[in-house]
Structure formats: structure tokens, C-alpha cells
Amino acid sequence: MSWTLKINGMLQSFEPSPELSTLGDLLEHLQIEQTAVVAEVDGQIVLRQDFDKTPLRDGQSIELIRFVGGG
Amino acid sequence: MSALVIADRQFQSRLFVGTGKFASASVMAEALRAAGTEMVTVALRRVDIRNPADDMLAAIDRSRYQLLPNTSGARDAAEAVRLARLARAASGIHWIKLEVTPDPYYLLPDGTETLKAAETLVREGFTVLPYIHADPVLAKRLQEVGCAAVMPLASPIGSNQGLRTRDCISIILEQASVPVVVDAGLGAPSHAAEAMEMGADAVLVNTAIATASDPVRMAAAFRQAVEAGRSAYEAGLPPRSTAAQASSPLTGFLRDD
């Protein structure tokens with residue numbers, strides 16, 4: 001059964017697996033360089049060092065945020 | 001030129017530079033060098049998960065520049081506080097340029113929400129630099145709740161109109177006990193020099209540098225203007241008068257009357 005996650009406002013479906021079970025796995029799956037990213041899972045900030053310790057669950061709302069140029 | 005101190009940090013450069021709107025990361029990096037800046041602003045946005053490769057932060061030498069994340073995009077205090085917390089989590093930096101701009105047309109800051117967010121963020125240990133209208137009363141209130149500086153606007157963000165709020169900024173300068181950074185709308189080096197001559201502690205420039213035909217040369221021009229303006233302020237500008245005050249002696253004319 002696939003899971004639906006809301007990532008940056010967009011619904012995405014995933015097949016959960018041992019290789020895709022944490023936030024760290026998800027970033028790798030999406031090919032996002034972790035060094036510059038901060039995440040929010042269901043409104044809670046998750047620090048980079050905790051990405052691999054944060055399990056994915058069906059229905060989560062995930063924000064992946066990074067710095068961009070700004071004034 | 002004397003050093004600028006904000007909170008616990010000392011800056012030799014009084015030119016802060018925003019990193020938006022540059023054509024490329026390499027032009028930005030070169031412009032930052034030419035500006036001689038030590039403080040650069042950045043924004044937080046969602047990663048484009050379809051095109052995640054772009055990482056502009058890599059082009060900013062963090063050993064050289066203090067990052068000043070902003071809360072741009074926030075429409076109220078709650079959104080600004082959320083962005084500030086995320087910025088701190090992402091960077092480990094507790095400095096924040098607090099901006100709350102609910103109106104997308106003029107991007108004028110909401111003073112009530114800014115004050116509310118500032119109180120929360122100061123309590124949470126942030127060094128808060130709020131972007132405000134040139135409102136001397138609000139500047140005082142923000143100073144009282146513990147903001148490390150105030151950043152009154154010269155004119156709307158990115159408008160290049162220059163110092164349209166001059167009279168109110170001079171009241172803020174007269175009353176503030178925290179540094180005053182004139183932000184937004186400075187479209188030419190002469191505008192920056194004018195603010196610095198008035199006694200502004202620093203200026204923040206983004207659009208005028210980033211969108212110039214040659215951003216690197218423009219960055220250098222702003223550097224010179226900021227230094228000239230600051231030196232003039234420290235040298236003490238002479239008083240103005242309505243009537244002429246002769247520069248040459250008024251005696252010894254070659255006539256007999």
C-alpha cells in the first residue's frame with residue numbers, strides 16, 4: 001500500500017520500504033543535497049542531524065526549505 | 001572610519017548587501033567582494049523538489065560574511081516567527097532581519113505585526129533587526145523590546161527612489177540608541193551617501209547593485225559612497241544657511257568705495 005505525503009504543498013505517493021523509511025531517505029530519493037536544507041514535519045522543525053532519525057509516516061506534511069538570494 | 005557594533009558583533013563595513021536578483025551566483029560572489037561587505041541577507045524558500053540542484057548558499061563564503069536571514073514573504077507575526085525559527089535551524093545563526101509585508105504591491109511593513117514578532121523573537125534569544133517604515137515611534141518601541149537595530153526604509157523595496165523618508169529618518173537617528181540601518185529603495189550610490197551623511201549607521205542595498213548593468217562595479221561604487229558619506233558625517237558637516245557666506249575675504253577689494 002502506498003503512502004501519500006504532502007511535500008512542499010504537493011501530494012506525492014511513495015511505496016514505503018526499508019530504503020525509504022526516514023526523512024533522510026526521502027531527501028536522497030528526491031536528490032536533494034542535505035547540507036543546505038531544513039525541514040518541518042507536521043509543523044515541527046527537524047534539524048539536519050535528525051533527518052535519518054525521523055521516520056516517515058503516511059499522511060505527513062513535510063516542508064523542505066533552503067536559503068535563496070534575498071534582500 | 002569608526003567600526004559599527006550591532007549586538008555583540010563589530011563590523012568594519014557599513015554596507016550590507018542583499019543577495020537577491022543577481023544573474024548568477026558567481027556575479028553575486030564577486031559583487032560581495034567588491035562591496036567590501038561583512039553582512040549579507042538571504043531569504044528562505046521551499047526547495048524546488050523538481051529542480052533541487054540550485055544551492056546559492058554555497059557561493060557565499062561564510063567565514064567572510066555574516067549571514068542575515070530575512071523573514072521575507074511573511075504576512076503576519078506568526079509567519080515571521082516561523083521563518084525566523086527555520087532560519088536559525090537551517091543556519092545556526094540567531095540573527096534575523098524581521099520583515100512582515102502583507103501588501104505585495106508596495107511591500108510596506110506592518111508595524112503592529114512586526115512589533116509582536118519582535119517581542120517573541122527577542123524572548124527566544126534572536127538578535128532582531130526589524131525592517132520598518134520610517135516611523136520614529138515604532139523605532140522606539142522596537143528598541144524598548146530589545147531589538148539590536150532598526151532598519152527604516154528609504155522608499156519601497158526595489159523601487160530605487162532614494163531617501164523619500166528623510167525627515168522621519170533624521171528623527172529616528174536623533175532618538176535611537178541602537179544602530180539605524182537605512183534599508184530599501186536606495187537606488188544610487190548618492191542615495192547611500194546621503195543616508196550616511198545624515199548619520200545612518202549603515203545601509204542595506206540589494207536591487208541597485210544586483211540589477212545594475214555591471215553589478216561588480218556598482219558594488220564598488222556603493223562601497224565608496226558609504227565610506228564617503230560616513231567620513232563626512234564623522235568629519236562634521238558645516239551648518240547650512242539661506243544667504244551666501246563668502247569663501248573669499250570681504251576686505252582688500254581692488255576698488256575705493
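Numbered from 1 within each chain, the chains take letters A, B, ... in sequence-line order.
At least one side-chain heavy atom of B:Leu86 sits under 4.5 Å from a side-chain heavy atom of A:Glu40. Using a 4.5 Å cut-off on side-chain heavy atoms (C-beta onward), B:Arg50 and A:Met10 make contact. Counting only heavy atoms from C-beta outward, the side chains of B:Arg82 and A:Glu63 approach each other to under 4.5 Å.
Of all the listed residues (B:Ala184, B:Gly20, B:Gly18, B:Ser91), the one sharing the greatest number of non-hydrogen pairs under 4.5 Å with chain A is B:Gly20. Taking chain B as the reference chain and counting heavy-atom pairs below 4.5 Å, the highest number among A:Val46, A:Val38, A:Ile7 is found for A:Val38. Contact count versus chain A (heavy atoms, under 4.5 Å) is highest, among B:Val205, B:Asn70, B:Val17, B:Leu68, for B:Asn70.
Around CD of A:Gln60, the count of heavy atoms belonging to other residues, nucleotides or ligands within 6.0 Å exceeds 12. Annotation: A:Gln49, atom CD; neighbour count of heavy atoms from other residues, nucleotides and ligands within 6.0 Å is above 12. Taking a 6.0 Å sphere around CZ of B:Arg9, one finds it holds more than 12 heavy atoms contributed by other residues, nucleotides or ligands.
Listed by sequence position, A:Gln12 are the residues of residues 12-25 of chain A in contact with chain B, using a 4.5 angstrom heavy-atom cutoff.
Residues A:Gly70 and B:Thr41 come closest through the heavy atom pair O-OG1, 2.8 Å. Nearest heavy-atom pair, A:Gly69 versus B:Ala43, reported as atom, atom and distance to 0.1 Å: O-CB, 4.1 Å. In this structure, B:Ala89 and A:Leu47 approach most closely via the heavy-atom pair CB-CD2, 3.4 Å.
In this structure, A:Arg66 CZ and B:Leu44 CG are separated by 11.0 Å, a value rounded to the nearest 0.5 Å. Distance CD1/A:Ile65 to CZ/B:Arg45: 11.0 Å, rounded to 0.5 Å. Taken from CD1 in B:Ile49 to CG in A:Leu64, the straight-line distance is 7.0 Å, to the nearest 0.5 Å. Here the CG atom belonging to B:Asp48 is positioned 9.0 Å from the CG atom belonging to A:Asn8, to the nearest 0.5 angstrom.
Just one residue in the list B:Thr19, B:Ile60, B:Val42 forms a side chain to side chain contact (heavy atoms under 4.5 Å, CB included) with A:Phe67, and that residue is B:Val42.
Looking at B:Lys97, only its side chain comes within 4.5 Å of chain A, counting heavy atoms on both sides.
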